[in-house]
*Asks:* 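Handing you this structure, nothing more for now.
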Amino acid sequence: MRLRDVQLGDVDTYVRMRCDPVMMAELGGPLPRDGIEAKVRRDVEDATADRAWIQMILVDGNTVAGNVVLWAHDPTSPGEQPMSEIGWMVLPEHQGRGVAKAAVRMLLRRARDERRWGIVHAFPGVANGPSNGICRSLGFTLIGEQDTEFAGRVLRTRHWQIDPSAEETAHRDKGGER
């Protein structure tokens, strides 16, 4: 498995990830097909400018299995600091094989190695057992539950965080368990 930056040719994968009712069940339902090209174009621009790490997950050579993304939110209230967030989506035919966990681990390792992003947060839906399991198994700390906005929708999520530079993260990254 490897990761690569998002490309303009990834529109079909974005459609499969974002416009499919099954894929978007935990994220409030499918998004409209209109606007996906513009979303991919914005993501390519952000990745090219290094404003975000928008990585496509490749398996079996060049088969795209989904994506993993790390980006910073601007503060929403006075006095707030920017927040780094990681998220991932894996297409149904690649789920249950450890693809998402490996991709998240790879991106956290890169964040640690490049000393970038600081504390990283994740917000999987409260009912999304597999994504919450990834957070737990990779050493994220559960902060609690909260309402989170995604694509103009408010979702009930679990709020996890991890410091990729922490010793425990480095230990888990090498396959160890604590």
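It should be emphasised that the depicted structure is a prediction, and the values quoted were computed from it without experimental measurement.
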*Asks:* Within this structure, what is the CZ-CD1 distance for the pair Arg2 and Ile57, rounded to the nearest 0.5 Å?
*Replies:* 12.5 Å
*Asks:* Asp113 vs Arg109, test: salt bridge (Lys or Arg N to Asp or Glu O under 4.0 Å). Steps then yes/no.
*Replies:* CA-CA 6 Å; Asp113 293 348; Arg109 180 185 307 137; 5.6 Å; no
*Asks:* Less than 4.5 Å apart, any side-chain heavy atom of Met89 and any of Met23?
*Replies:* yes
*Asks:* Looking only at side chains, do Glu145 and His159 share a donor and an acceptor under 3.5 Å apart?
*Replies:* no
*Asks:* Just wondering, do Leu107 and Trp88 contact through their side chains at under 4.5 Å, heavy atoms?
*Replies:* no
*Asks:* Hey, is the main chain of Thr13 close enough, under 3.5 Å, to the side chain of Asp10 for a donor-acceptor pair?
*Replies:* no
*Asks:* For the atom pair CD1 (Ile119) and CD (Gln161), what is the distance rounded to the nearest 0.5 Å?
*Replies:* 5.5 Å
*Asks:* Which atom names give the shortest non-hydrogen contact between Ala122 and Pro124, and what distance separates them?
*Replies:* C-CD, 3.5 Å
*Asks:* What verdict does the side chain to side chain contact (heavy atoms under 4.5 Å, CB included) test give for Val120 and Trp160, after you've listed the backbone C-alpha separation in whole Å, the side-chain angles of each residue and the deciding distance to 0.1 Å?
*Replies:* CA-CA 8 Å; Val120 175; Trp160 298 86; over 6 Å; no
*Asks:* Any ion pair linking Asp50 and Arg116 (charged N to carboxylate O, less than 4.0 Å)?
*Replies:* yes
*Asks:* Is Met106 reachable from Leu138 through a run of hydrophobic residues whose side-chain heavy atoms are each under 4.5 Å from the next?
*Replies:* yes
*Asks:* Which atoms form the tightest heavy-atom contact between Pro30 and Arg153, and what is the distance?
*Replies:* O-NH2, 3.0 Å
*Asks:* Which heavy atom of Ile86 sits nearest a heavy atom of Phe140, and at what distance?
*Replies:* CG2-CZ, 4.1 Å
*Asks:* Given the rule that I, L, V, M, F, W and Y join up when any side-chain heavy atoms are under 4.5 Å apart, are Val44 and Leu70 in one cluster?
*Replies:* no
*Asks:* What's the shortest heavy-atom distance between Gly87 and Trp71, and which atoms?
*Replies:* N-CZ3, 3.8 Å
*Asks:* If you compare all heavy atoms of Leu8 against all heavy atoms of Val11, which two are closest, and at what distance to 0.1 Å?
*Replies:* O-CG2, 3.4 Å
*Asks:* Is Arg33 salt-bridged to Glu37, going by a charged N under 4.0 Å from an acidic O?
*Replies:* yes
*Asks:* CD/Gln146 to CG/Leu155 distance, rounded to the nearest 0.5 angstrom?
*Replies:* 11.0 Å
*Asks:* Can you check side chain to side chain contact (heavy atoms under 4.5 Å, CB included) on Thr157 and Asp147, steps first, answer last?
*Replies:* CA-CA 6 Å; Thr157 63; Asp147 290 334; over 6 Å; no
*Asks:* Distance-only, no hydrogens or angles: does the Ser84 side chain make a donor-acceptor pair with backbone N or O of Trp117 under 3.5 Å?
*Replies:* yes
*Asks:* Report yes or no: does Ser131 contribute a side-chain atom to a donor-acceptor pair with the main-chain N or O of Asn128 at less than 3.5 Å?
*Replies:* no
*Asks:* Rounded to the nearest 0.5 Å, how far apart are CE of Met1 and CZ of Arg105?
*Replies:* 9.0 Å
*Asks:* Would Arg110 pass as a cation-pi partner of Trp53, given that its NZ or CZ must be under 6.0 Å from the six-membered ring centre and within 45 degrees of the axis?
*Replies:* yes
*Asks:* Output yes when a side-chain donor or acceptor of Arg158 lies under 3.5 Å from a complementary backbone atom of Val126, and no otherwise.
*Replies:* yes
*Asks:* Might you work through the side chain to side chain contact (heavy atoms under 4.5 Å, CB included) test for Leu108 and Ile162, ending with a clear yes or no?
*Replies:* CA-CA 9 Å; Leu108 291 173; Ile162 192 167; 4.0 Å; yes
*Asks:* Which value, rounded to the nearest 0.5 Å, describes the distance between Met17 atom CE and Leu27 atom CG?
*Replies:* 11.0 Å
*Asks:* For a quick check under 3.5 Å, do Asn67 and Gln55 share a side-chain donor-acceptor pair by atom type?
*Replies:* no
*Asks:* So Met56 and Leu3, do their side chains get closer than 4.5 Å, heavy atoms only?
*Replies:* no
*Asks:* Could you check whether any side-chain heavy atom of His73 comes within less than 4.5 Å of a side-chain heavy atom of His121, counting everything from C-beta outward?
*Replies:* no
*Asks:* Checking side chain to side chain contact (heavy atoms under 4.5 Å, CB included) for the pair Thr148/Val154: CA distance, chi angles, key distance, verdict?
*Replies:* CA-CA 5 Å; Thr148 302; Val154 177; over 6 Å; no
*Asks:* Please identify which of these residues, Val69, Val68, Val40, meets the side-chain contact (heavy atoms from CB on, under 4.5 Å) condition with Ile54.
*Replies:* Val69
*Asks:* Does a salt bridge link Asp12 with Arg16, judged by any charged N lying under 4.0 Å from a carboxylate O?
*Replies:* no
*Asks:* Is there a donor-acceptor contact under 3.5 Å from the side chain of Asn132 to the main chain of Gly125?
*Replies:* yes
*Asks:* For residues Val59 and Leu91: do they belong to one hydrophobic cluster (side chain heavy atoms under 4.5 Å, members Ile, Leu, Val, Met, Phe, Trp, Tyr)?
*Replies:* no
*Asks:* Could you state whether Ile143 and Phe150 fall into the same hydrophobic cluster, counting links through intermediate Ile, Leu, Val, Met, Phe, Trp or Tyr residues with side-chain heavy atoms under 4.5 angstrom apart?
*Replies:* no
*Asks:* Nearest 0.5 Å please: distance from the CE atom of Met24 over to the SG atom of Cys19.
*Replies:* 8.0 Å
*Asks:* Of all the heavy-atom pairs spanning Arg4 and Val64, show the shortest one and how long it is.
*Replies:* NH2-CG2, 3.6 Å
